[in-house]
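Here the structure is a predicted model, which is why all the values come from computation and not from measurement. Just so we're on the same page: letters track the sequence lines, and every chain starts at 1.
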Number of protein chains: 2
Amino acid sequence: MRRTRPPDSDKPADKAIAKAATRPVVSPRVTIRDVARAAGVSLGTASRALNRSGPVSEAALQAVERAARELAYAPDPIAQSLRTGTSGVVGLLVSDLANPLYARIITAVEMRLQREGYAMVVGNTHNSNAREDMMVELFRRRRVDGLILGPCEVERPDHLRQLARDLPVVALDRDFGDEGAGVHVDHFGGARDATQYLLDLGHTRIALMTSDGALRPGRERINGYRHALAGRGVTVDDTLVRSSRSAMDFSFSDALALLSAPDRPTAFVCLGTRILSGVLQAMKQTGLRVPHDVSLICVGDGDLPQLYSPAITAVSWDLEAVGTAAAEVLMGAIGGSGTAATATEAADTAASATIDPRARREIRLTTHVIVRESCAPPPARA
Amino acid sequence: MRRTRPPDSDKPADKAIAKAATRPVVSPRVTIRDVARAAGVSLGTASRALNRSGPVSEAALQAVERAARELAYAPDPIAQSLRTGTSGVVGLLVSDLANPLYARIITAVEMRLQREGYAMVVGNTHNSNAREDMMVELFRRRRVDGLILGPCEVERPDHLRQLARDLPVVALDRDFGDEGAGVHVDHFGGARDATQYLLDLGHTRIALMTSDGALRPGRERINGYRHALAGRGVTVDDTLVRSSRSAMDFSFSDALALLSAPDRPTAFVCLGTRILSGVLQAMKQTGLRVPHDVSLICVGDGDLPQLYSPAITAVSWDLEAVGTAAAEVLMGAIGGSGTAATATEAADTAASATIDPRARREIRLTTHVIVRESCAPPPARA
DNA sequence: CTGAAAGCGCTAACAA
DNA sequence: TTGTTAGCGCTTTCAG
């Protein structure tokens with residue numbers, strides 16, 4: 001058996017199918033042909049009856065339906081896909097499926113999609129644009145009817161716009177261009193409110209710890225923080241704004257440094273529970289106490305802030321709503337008579353004027369702060 | 001437009017595809033036909049060359065590969081599926097995608113699957129057998145090449161065995177019959193070790209809080225607990241073993257009751273972080289302290305036990321390994337020249353003797369306890 | 001209103 | 001070794 005290394009078709013996608021192909025098919029399916037025969041009509045009529053896609057006499061309709069029922073006929077999605085170019089599948093890509101935030105969003109998306117009969121394929125980008133592009137390509141090959149994309153590595157609004165041009169795309173907390181749709185959480189407002197709450201308590205040295213200043217959520221939050229400070233005439237001390245790419249590890253050491261400094265902050269705004277973890281550990285290590293010595297507020301709620309002792313005040317938003325909204329916007333875009341996909345040759349041409357209003361939809365969700373036990377007025381100055 | 005209500009084809013699956021079908025197809029794909037033409041060979045030869053599925057002359061091979069490369073040809077998975085009856089997709093069903101445990105397992109599965117070129121469709125059973133059956137049916141229609149199934153509602157080993165008969169199935173922490181495969185975590189050992197650790201510390205009144213006695217994990221854990229107690233000659237006080245279906249809500253009130261009783265337990269084994277939450281809240285409410293007044297140990301590690309203060313001792317196992325193992329076992333079963341699927345008419349007939357050894361594989365993973373700060377000797381008796 | 005027929009893109013017989 | 005052909009199951013013209 002000659003076995004020169006497969007050169008091109010060795011891409012994983014092909015491997016999978018080739019490998020699986022060795023398994024024989026299961027049981028002889030009931031096809032639409034069987035239904036047609038049983039109903040005594042032609043194949044075309046059966047199809048039209050089943051799909052209500054053309055004129056069918058009442059008699060034929062009844063017969064076909066009865067036959068379908070009796071034979072327990074179920075259409076073959078694969079065959080339908082081949083013919084129609086659509087799949088009844090939507091793809092969802094996030095940086096980390098295991099992130100509880102995404103996990104909850106995904107659950108909501110799945111639930112909504114399931115109700116509508118769509119299946120959901122998921123993928124992990126590991127926060128890499130390259131991986132994202134690869135997965136998107138794979139999904140497109142599989143003819144997904146739409147895509148939901150979470151934040152990834154850096155913003156690429158034009159890239160996203162380009163993609164949205166021939167496939168319904170819903171962005172989660174991502175900037176996108178004129179085309180496409182997305183659901184945005186008001187991180188700006190969340191960070192602003194959190195900071196304001198702290199200011200009201202009398203804090204002025206408020207540290208902000210964020211992980212990803214490059215992405216929309218991080219950016220918006222930093223802006224909200226600055227906005228609140230500016231609103232009270234407090235000048236921003238940039239040494240108090242720490243942002244990095246990796247979460248927990250950095251937040252611990254950064255918080256430690258901050259807390260050990262002579263003029264240490266009296267409050268922390270932590271953007272995410274992983275960062276909260278790091279700060280909490282730093283607190284533990286330095287022997288400082290919450291909220292007596294320093295106040296803490298966490299942007300993004302979860303088990304940890306809720307159950308920690310003292311319970312941590314948090315900025316919260318409805319994750320299920322994010323997922324549901326994403327699913328709904330996407331289905332709107334798919335259902336909407338797909339202006340999105342008329343294969344114009346010159347892809348760089350300016351967008352046509354006939355954009356379906358539904359294809360350009362943004363949903364904005366608000367945040368609110370849940371006051372718990374982790375914030376108090378700052379300790380009297382030494 | 002006459003519009004008698006769709007009677008049978010109104011099942012969600014059909015709805016999705018029908019709806020999506022209104023969108024036009026994207027761009028004219030490069031087909032294998034184009035490749036063949038460009039390479040100056042016939043369609044069949046191109047196919048054989050691309051798949052190494054038959055004799056091809058070196059010259060033809062080169063030409064085809066070059067053509068494929070230049071045209072950036074990518075095979076259409078849908079068409080391949082229709083022809084071969086396989087899809088390069090595997091389905092994964094768990095009771096709750098948002099459960100951090102599953103979320104991490106899923107991530108690992110996805111990573112492994114992705115490497116092999118498989119896509120993953122996921123679904124939520126919400127712990128309902130009916131939903132599980134429905135989703136399985138949906139997935140099968142879509143011709144998934146295999147299934148990974150998490151625990152759900154109640155054990156149905158025969159049902160699972162039946163299913164595994166014509167589709168590769170990997171069970172996660174579920175009992176399964178003679179056919180099929182699965183990965184099992186040693187929950188028995190975990191609970192036993194945890195209990196023993198507590199016994200060693202001097203505890204005898206150890207409460208066990210579990211959520212799902214009906215499923216394998218819960219059952220095994222209860223057994224492990226009993227085993228450890230029996231090994232030390234401690235008689236089991238059944239009032240100390242609390243099990244229920246719903247997690248957090250019940251665990252709070254149950255723990256509260258237990259803690260308020262005159263002869264209260266000096267230690268708790270909490271099966272899962274959600275239950276830990278409830279117990280923690282009950283502790284807070286009663287003013288009891290960890291580990292001074294009562295010791296705590298959590299089966300199943302996570303953010304909460306790790307970061308709580310005091311940090312909670314936990315029984316841990318490698319979730320990534322669970323996922324990876326599941327993916328690998330499944331791929332073994334799929335790749336294995338599929339003895340699983342020879343459509344024998346009488347499905348109830350005894351299994352044939354020709355079961356591929358790979359098709360019957362079980363992977364067993366061990367647990368270990370991570371000692372932290374939540375356990376101490378019991379307080380001196382009043 | 002209905003039936004016949006043409007494919008969607010691919011693989012797998014079967015002849016040559 | 002190769003080219004031709006027959007479908008996989010379905011939707012959708014296009015004539016009747």
Side-chain angles (χ1 to χ4, degrees), chain A residues 2 9 13-14 17-18 20-22 24-37 39-64 68 71 73-88 141-143, chain B residues 2 9 13-14 17-18 20-37 39-61 63-64 68 71 73-88 141-143:
Chain A
R2 208 173 33 57
S9 84
D14 308 336
I17 289 187
T22 53
V25 185
V26 191
S27 49
R29 275 178 164 277
V30 175
T31 78
I32 197 172
R33 225 184 194 87
D34 301 321
V35 174
R37 194 176 317 128
V41 300
S42 79
L43 196 141
T45 304
S47 174
R48 279 181 305 247
L50 257 10
N51 302 315
R52 303 286 190 287
S53 60
V56 181
S57 73
E58 190 58 30
L61 188 85
Q62 300 289 350
V64 170
L71 297 176
Y73 166 74
D76 182 338
I78 302 282
Q80 287 180 307
S81 292
L82 184 59
R83 191 59 235 257
T84 63
T86 62
S87 60
R141 280 218 232 302
R142 289 188 189 279
R143 285 222 185 42
Chain B
R2 212 179 22 62
S9 81
D14 308 337
I17 289 186
T22 53
R23 284 192 65 254
V25 184
V26 193
S27 50
R29 274 177 164 277
V30 175
T31 77
I32 198 173
R33 224 183 195 92
D34 302 320
V35 174
R37 194 175 320 129
V41 299
S42 79
L43 195 135
T45 305
S47 174
R48 278 181 307 246
L50 258 8
N51 301 315
R52 303 287 191 286
S53 60
V56 180
S57 72
E58 190 59 29
L61 188 85
V64 169
L71 297 175
Y73 167 74
D76 182 340
I78 302 282
Q80 287 180 308
S81 293
L82 184 59
R83 191 59 235 252
T84 64
T86 63
S87 61
R141 279 218 232 303
R142 289 189 189 279
R143 286 222 182 45

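Atom CD1 in A:Ile78 sits roughly 18 Å away from atom P in C:dC8 (whole-Å rounding). Taking atom CZ of B:Arg33 as the reference point, atom C1' of C:dC10 lies 10 Å away to the nearest angstrom. Put simply, CG on A:Asp34 is 9 Å from P on D:dG9, counting in whole angstrom units. Straight-line distance from the CZ atom of A:Arg142 to the P atom of C:dC8: 22 Å, rounded to whole Å. The distance from atom CD1 of A:Ile32 to atom C1' of C:dG3 is 14 Å, rounded to the nearest whole Å. Atoms CG (A:Leu82) and C1' (C:dG9) sit 6 Å apart, rounded to a whole Å. To the nearest angstrom, P of D:dT2 lies 10 Å from CD of B:Glu58. Distance CZ (B:Arg143) to P (D:dC10): 9 Å, rounded to an integer number of Å.
Checking D:dC8, C:dC10, C:dA13 against the side-chain heavy atoms of B:Arg48 singles out C:dA13 as nearest. Counting only heavy atoms from C-beta on, B:Ala79 has its side chain closest to C:dG9 among C:dA5, C:dA4, C:dG9. Considering only the side chain of A:Thr45, C:dT2 comes nearest among C:dT2, D:dT2, D:dT12. Distance from the side chain of B:Val41 is smallest for D:dG3 among the nucleotides D:dC10, D:dT12, D:dG3. Across D:dT1, C:dG3, C:dC10, the shortest atom-to-atom separation from the side chain of B:Pro55 is found for D:dT1. Distance from the side chain of B:Asp76 is smallest to C:dC10 among C:dT2, D:dT2, C:dC10.
Here the side chain of B:Ser47 pairs no donor or acceptor atom with the backbone of B:Leu43 at under 3.5 angstrom.
Counting all heavy atoms, side chain and backbone alike, B:Leu50 lies closest to B:Tyr73 at CD2-CE2, 3.8 Å.
Taking the side chain as every heavy atom from C-beta outward, B:Arg48 and B:Val64 never approach each other to under 4.5 Å.
Within the structure, a side-chain polar atom (N or O) of A:Ser57 is placed less than 4.0 Å from OP1 or OP2 of C:dT2. Listed pair B:Thr31 / C:dC8 fails the phosphate criterion, with no side-chain N or O lying under 4.0 Å from OP1 or OP2.
To the nearest 0.5 angstrom, A:Ile78 atom CD1 is 9.0 Å from B:Thr86 atom OG1. To the nearest 0.5 Å, atoms CZ (B:Arg37) and OG (B:Ser42) are separated by 12.5 Å.
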